[in-house]
Student: 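Pasting in a structure now, in structure tokens, and then I'll have a few things to ask.
Since this is a predicted model, take the numbers as computed values, not measurements. Within every chain, numbering begins at 1; the chains are lettered A, B, ... in the order of the sequence lines, protein sequences first and strands thereafter.
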There are 2 protein chains.
Amino acid sequence: MNPSDHDKSCCEVVAAHENITKELLGKMPPEEDLYDLADFFKVFGDSTRVKILYLLLCSEMCVGHIAATLGMTQSAISHQLRFLKQMKLVAAKREGKTIFYSLADAHIESILSQGYEHIKE
Amino acid sequence: MNPSDHDKSCCEVVAAHENITKELLGKMPPEEDLYDLADFFKVFGDSTRVKILYLLLCSEMCVGHIAATLGMTQSAISHQLRFLKQMKLVAAKREGKTIFYSLADAHIESILSQGYEHIKE
DNA sequence: CAAACATATGAGCAATTGCTCATATGTTCA
DNA sequence: TGAACATATGAGCAATTGCTCATATGTTTG
């Protein structure tokens, strides 16, 4: 759609041409995917979780170690790790009493670095 | 740090070696950047904003057109666009009465598509 | 200038979020 | 088996979020 089409009255045109609307919506991913996508990015939208992901980028770590490093409660970290695990961003591996978490998705590093590029401008 | 170091007692080791903690923190971006990064990703963590970004990926659009296409209030969209603009993800360009919004960052498309790859597995 | 249109914005509210606190589960070792 | 350790989890609460509603700002045209 060309912006110059809107010269007289933008939204009257919109109301008249619902076919254009449908065409645009057709080019987008299905509604449900967009919800899943937002939920996925919600994971990166909290600084505690971002910190955890950066730590796991260095090496796998146990819950207590993550909590100590970030200066936070074991409980708080455990809750966040559960969320990260549900979203399939981390994987858990038990070794005796302790449980090691590691990154479970190859996209994480590049997503983080692209976000980082954006804020550094 | 090697996971096998934790064989006896993970978190006692952690408490004893704060230097390791500091070394890990040193490899991460500074605290403030991590907050900014989380704020940046927060933008993608809402389905309305994701939808807006996908629409603008097709072409620039005015507020009323976005609202009509998504079946949402002009006010709701305008609020979200203000947020997107603050985060420098979209740019506004006035043409008479109407204001056209367009994507303002080259990373958006690849960030969205990498997220999309993740949820499609 | 007044009316019509497009967008922006402040206040308020329901829903969600991220933490804390207390407690439960699971593992090892004496 | 019981004590110590590592982690998980449910309830509850303060803070944040995304919307609505009413209204303000800004632009064009008669």
Side-chain angles (χ1 to χ4, degrees), chain A residues 3 5-16 34-35 38-39 41-52 60-87 90-102, chain B residues 3 5-16 34-35 38-39 41-52 60-87 90-102:
Chain A
D5 292 346
H6 295 76
D7 279 345
K8 330 118 200 174
S9 176
C10 161
C11 287
E12 286 170 9
V13 173
V14 170
L34 296 174
Y35 276 96
D39 283 341
F41 282 118
K42 226 166 254 172
V43 175
F44 297 88
D46 174 75
S47 63
T48 299
R49 289 190 292 269
V50 168
K51 288 176 189 173
I52 292 174
E60 61 177 4
M61 280 176 105
C62 66
V63 181
H65 196 170
I66 297 171
T69 306
L70 299 183
M72 295 185 66
T73 301
Q74 172 269 324
S75 178
I77 299 302
S78 183
H79 278 294
Q80 296 293 12
L81 284 171
R82 179 167 59 154
F83 183 30
L84 288 167
K85 195 170 151 195
Q86 275 173 2
M87 301 309 279
V90 305
K93 174 188 69 174
R94 167 151 246 150
E95 270 184 29
K97 282 180 291 186
T98 89
I99 299 181
F100 288 95
Y101 282 86
S102 56
Chain B
D5 292 346
H6 297 78
D7 279 343
K8 331 115 198 175
S9 176
C10 160
C11 288
E12 287 171 8
V13 174
V14 171
L34 296 175
Y35 276 97
D39 284 340
F41 282 118
K42 226 166 253 172
V43 175
F44 297 88
D46 173 74
S47 63
T48 298
R49 288 191 291 268
V50 168
K51 288 176 189 172
I52 292 174
E60 60 177 4
M61 280 175 106
C62 66
V63 180
H65 196 169
I66 298 172
T69 305
L70 299 183
M72 294 185 67
T73 300
Q74 173 268 324
S75 177
I77 299 301
S78 183
H79 278 294
Q80 296 292 14
L81 284 171
R82 179 168 58 153
F83 183 30
L84 289 167
K85 196 170 150 194
Q86 274 173 3
M87 301 310 278
V90 304
K93 173 188 68 175
R94 168 152 246 150
E95 270 184 29
K97 283 180 290 188
T98 90
I99 298 181
F100 289 95
Y101 282 85
S102 57

Student: Who pairs with B/F44 by ring-ring contact (aromatic ring centres under 6.0 Å, His included), at least two apart in sequence or on another chain?
Tutor: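 With neighbours one apart ignored, the set is A/F41, B/F40.
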Student: Examine D/dA8: is either OP1 or OP2 under 4.0 Å from a nitrogen or oxygen in the side chain of A/Y101? Give yes or no.
Tutor: yes
Student: Using side-chain heavy atoms (C-beta onward) and a distance below 4.5 Å, is A/D46 in contact with A/Q80?
Tutor: yes
Student: To the nearest Å, give me how far apart CZ (B/F100) and P (C/dA8) are.
Tutor: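 Those two atoms, CZ and P, are 12 Å apart.
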Student: OP1, OP2 of D/dC19 versus side-chain N and O of B/T48: anything below 4.0 Å?
Tutor: yes
Student: Which residue lies toward the 5' end of DNA chain D, A/A76 or B/D46, if each is placed at its nearest nucleotide?
Tutor: A/A76
Student: Without decimals, in angstroms, what is the distance between B/Q86 CD and D/dG18 C1'?
Tutor: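 After rounding, the reported distance stands at 14 Å.
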Student: Tell me the interatomic distance from A/K97, atom NZ, to C/dC29, atom P, rounded to whole angstroms.
Tutor: 7 Å
Student: Whole angstrom is fine here: how far is it from CG in B/D39 over to P in C/dG18?
Tutor: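 To the nearest whole Å, that distance equals 12 Å.
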Student: Starting at the 5' end of DNA chain C, which residue's closest nucleotide do you reach first, B/K85 or A/R94?
Tutor: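 The residue closer to the strand's 5' end, by nearest nucleotide, is B/K85.
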Student: Please report the distance, rounded to the nearest Å, between NZ in A/K42 and C1' in D/dT17.
Tutor: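 A/K42 atom NZ is separated from D/dT17 atom C1' by 10 Å.
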Student: Closest approach of A/R49 and A/V43, non-hydrogen atoms and distance?
Tutor: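 In this case the closest contact between A/R49 and A/V43 is NE-O, 2.8 Å.
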Student: May I have the distance from A/Q74 (atom CD) to C/dA22 (atom P), rounded to whole angstrom?
Tutor: 14 Å
Student: Stacking between B/H79 and the base of D/dC19 (centre distance under 5.5 Å, interplanar angle under 30°)?
Tutor: no
Student: Are OP1 or OP2 of C/dC19 and a side-chain N or O of A/Q80 less than 4.0 angstrom apart?
Tutor: yes
Student: Which nucleotide wins on minimum distance to the side chain of A/R49, given the candidates D/dC19, C/dT7, C/dG18?
Tutor: C/dG18
Student: Output the rounded distance in Å from CD (B/E95) to C1' (D/dT28).
Tutor: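 Distance, rounded to whole Å: 14 Å.
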Student: Is any side-chain heavy atom of B/I99 less than 4.5 Å from a side-chain heavy atom of B/L81?
Tutor: no
Student: Please determine, for the side chain of A/I99, which listed nucleotide (C/dG26, C/dT7, D/dT7) has the closest atom?
Tutor: D/dT7
Student: In whole Å, what is the span from the CG atom of A/L81 to the C1' atom of D/dA6?
Tutor: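 Taking atom C1' of D/dA6 as the reference, CG of A/L81 is at 13 Å.
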Student: Compare side-chain N and O positions of A/S78 against OP1 and OP2 of D/dT7 and report whether any pair is under 4.0 Å apart.
Tutor: no
Student: Assuming nearest nucleotide by heavy-atom distance, tell me which of A/S75 and B/R82 is located more 5' along DNA chain C.
Tutor: B/R82
Student: How long is the straight-line distance from CD1 of A/I77 back to CE of A/M61, given to the nearest 0.5 Å?
Tutor: 10.0 Å
